[in-house]
K.L.:
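The structure's right below; bear with me while I get my questions together.
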Amino acid sequence: MKIFNYLKSLTLKELFKGMTVTGKYFFKRKFTIRYPEEKTPKSDRFRGLHALRRYENGEERCIACKLCEAVCPALAITIDSEQREDGSRRTTKYEIDLFKCIYCGFCEESCPVDSIVLTDIHEFHFESEGKNVLDKTQLLEIGDMREKEIAECRNNDAEYR
Amino acid sequence: MIMEQIELIVWTLVKIVAIVLPLIIVVAYFTYAERRVIGFMQGRMGPNRVGLFGFKLWGLAQPFADTVKLLLKEIIFPANANKFLFLMAPVITLATAFAAWAVVPFSDGLVLADINAGLVYILAMTSLGVYGVIIAGWASNSKYAILGALRSAAQIVSYEIAMGFALVGVLIASGSLNLTEIVHSQAGGIGQWFFIPLLPLFVIYFISGVAETNRAPFDVAEGESEIVAGFHVEYSGAAFALFFLGEYANMIMISALTAIMFLGGWYSPFTGDSWIAQPSILWFFLKTGFFMLLYLWFRATFPRFRYDQIMRLGWKIFIPITIAWIMVVAVLKVYHIGPWFS
């Protein structure tokens with residue numbers, strides 16, 4: 001039987017078989033996503049860049065309860081607060097260090113007024129030192145810019161919460 | 001008298017440039033084709049980004065980007081390396097790879113040097129290439145490089161024998177060492193091509209060619225998992241580019257030679273008087289291109305051989321088969337058996 005195996009290997013049958021397989025794959029559809037032009041769909045729960053939201057009347061939601069600061073496992077959030085002239089408690093400083101942040105989403109979950117949220121922005125970068133710390137105005141700006149998308153994502157996901 | 005000499009030299013130089021320049025461009029696009037074809041066979045896209053003037057062109061500018069990158073990079077000399085030999089090695093590899101092209105007939109009469117011992121010259125040139133590999137491995141002062149060079153050298157020398165024997169079969173069949181003559185003796189349609197009477201030699205020649213150029217599945221010389229990149233592990237920048245160029249030029253060389261020796265070079269597979277039956281350089285390019293594609297196809301398909309398996313295949317299988325088939329061919333030739341030897 002050994003001689004038959006030897007003769008069989010001389011026909012290169014198995015090699016041709018393998019080449020047929022790769023040959024077929026050559027013409028098969030490719031599944032590569034050409035990234036910047038094509039993108040995969042994102043979940044409503046996607047945890048990307050942070051934002052601070054406002055109410056519809058323009059009042060900022062954050063009441064400086066500091067729950068997010070307390071829950072943050074990476075200690076990425078720093079908050080200072082003060083009493084505003086109208087008597088309500090507001091933040092004077094709200095900073096997130098994006099190098100420390102692990103994008104776990106605990107801050108969003110802990111927030112009683114849905115102020116701090118994680119948007120679906122994942123394409124961002126920093127061009128100089130120190131830019132990794134987002135301050136309150138920047139966070140509010142992101143929130144103002146993406147309010148529609150943020151509200152939509154929260155709305156879609158609400159019934160599963 | 002002197003003017004004639006000068007004219008001859010200039011004319012030869014022009015011919016050399018006319019061969020080498022397209023060859024370099026083909027090498028550049030062969031690397032691109034390799035990445036594309038292997039990518040496609042693995043269900044990927046391959047490089048499809050680099051284009052010109054904002055047009056992507058399926059990544060066709062990729063080889064130029066690669067070339068510019070390699071040429072601009074620094075050539076790093078390893079500590080205690082022999083600088084002269086370190087720089088000579090890629091030059092030897094490239095020079096022998098290019099020199100072998102001198103006797104390749106592209107079409108009837110379209111050959112730089114139509115020498116009578118073309119076959120022997122080719123064997124000599126492809127064998128000399130191994131010196132580049134050994135010197136590179138030794139001059140690098142690196143254990144990975146020397147191990148890769150030893151493997152590579154042993155492999156090239158072993159398969160050289162099987163390759164030589166396979167060419168002896170062609171020699172017997174055609175009765176000439178001149179490559180143009182070899183192609184001429186295959187005139188008259190696909191039935192006259194040598195790959196039919198010499199089928200085992202044809203297969204062995206091409207497989208040995210793959211082994212000789214250290215390509216997958218015989219690329220233990222640069223087995224990334226064991227010895228990083230083999231003999232050229234210490235090379236960078238332009239020196240590495242020369243090795244690359246030499247390797248791919250050799251691959252195209254083997255493809256062209258297989259087309260010449262076994263598939264009738266520039267002859268058409270058809271017979272008759274129609275335009276498709278005319279001998280043409282395009283047939284030669286088509287056949288060469290087919291074998292170049294096979295190189296890539298092999299690489300996408302077969303896993304790397306173990307070193308002892310390579311040696312077993314070369315010494316215990318290929319050499320006995322070639323010797324046996326030389327006998328068969330000799331008998332066929334002497335007694336004029338079959339349509340090829342009548």
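Hydrogens, waters and symmetry mates are skipped; everything else that's a heavy atom, side chains included, is used. Just so it is clear, the structure is predicted and the values come from calculations on it, not from any experiment. Residue numbers start from 1 in every chain, and the chains themselves are labelled A, B, ... in the order their sequence lines are given, proteins ahead of strands.
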K.L.:
Less than 4.5 Å to any heavy atom of chain A: does that hold for the side chain of B:V37, its backbone, both, or neither?
P.N.:
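The answer is both parts of B:V37.
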
K.L.:
Would you mind checking which part of A:L15 comes under 4.5 Å of any heavy atom in chain B, side chain (CB onward), backbone (N, CA, C, O), both or neither?
P.N.:
both

K.L.:
Less than 4.5 Å to any heavy atom of chain B: does that hold for the side chain of A:E37, its backbone, both, or neither?
P.N.:
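Contact with chain B involves the side chain of A:E37 alone.
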
K.L.:
State whether the number of non-hydrogen atoms from other residues, nucleotides or ligands found under 6.0 Å of B:R312 atom CZ is greater than 12.
P.N.:
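No, CZ of B:R312 has 12 or fewer neighbouring heavy atoms, counting only those of other groups under 6.0 Å.
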
K.L.:
Looking only at non-hydrogen atoms, find the nearest pair between A:M19 and B:T301 and report the distance.
P.N.:
N-CG2, 3.6 Å

K.L.:
Counting only heavy atoms not in A:F4 (residues, nucleotides, ligands), do more than 12 fall under 6.0 Å from its CZ?
P.N.:
no

K.L.:
Minimum heavy-atom separation for B:F40 and A:F26, please, with both atom names.
P.N.:
CD2-O, 3.5 Å

K.L.:
With a cut-off of 6.0 Å (strictly less than), are more than 12 heavy atoms of other residues, nucleotides or ligands near CZ of B:F165?
P.N.:
no

K.L.:
Tell me whether A:F124 at atom CZ has more than 12 heavy atoms from other residues, nucleotides or ligands lying less than 6.0 Å away.
P.N.:
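Counting neighbours around CZ of A:F124, more than 12 heavy atoms of other residues, nucleotides or ligands fall under 6.0 Å, so yes.
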
K.L.:
For A:F16, does the CZ atom have more than 12 heavy-atom neighbours from other residues, nucleotides or ligands under 6.0 Å away?
P.N.:
no

K.L.:
CZ of A:F106: more than 12 outside heavy atoms within 6.0 angstrom?
P.N.:
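Incorrect, the count does not exceed 12.
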
K.L.:
Has A:E56 got more than 12 heavy atoms of other residues, nucleotides or ligands less than 6.0 Å from its CD?
P.N.:
no

K.L.:
Which answer fits B:L294, side chain, backbone, both or neither, if we ask what part of it has an atom under 4.5 Å from a heavy atom of chain A?
P.N.:
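For B:L294, the contact with chain A is made by the side chain alone.
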
K.L.:
Hey, could you give me the OG1/CZ distance between A:T22 and B:R299, rounded to the nearest 0.5 Å?
P.N.:
13.5 Å

K.L.:
How close do A:R34 and B:N48 get, heavy atom to heavy atom, and via which atoms?
P.N.:
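Nearest heavy atoms, A:R34 then B:N48: NE-ND2, 4.2 Å.
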
K.L.:
Can you tell me how far apart NZ (A:K30) and CD (B:Q42) are? Round to the nearest 0.5 Å.
P.N.:
11.0 Å

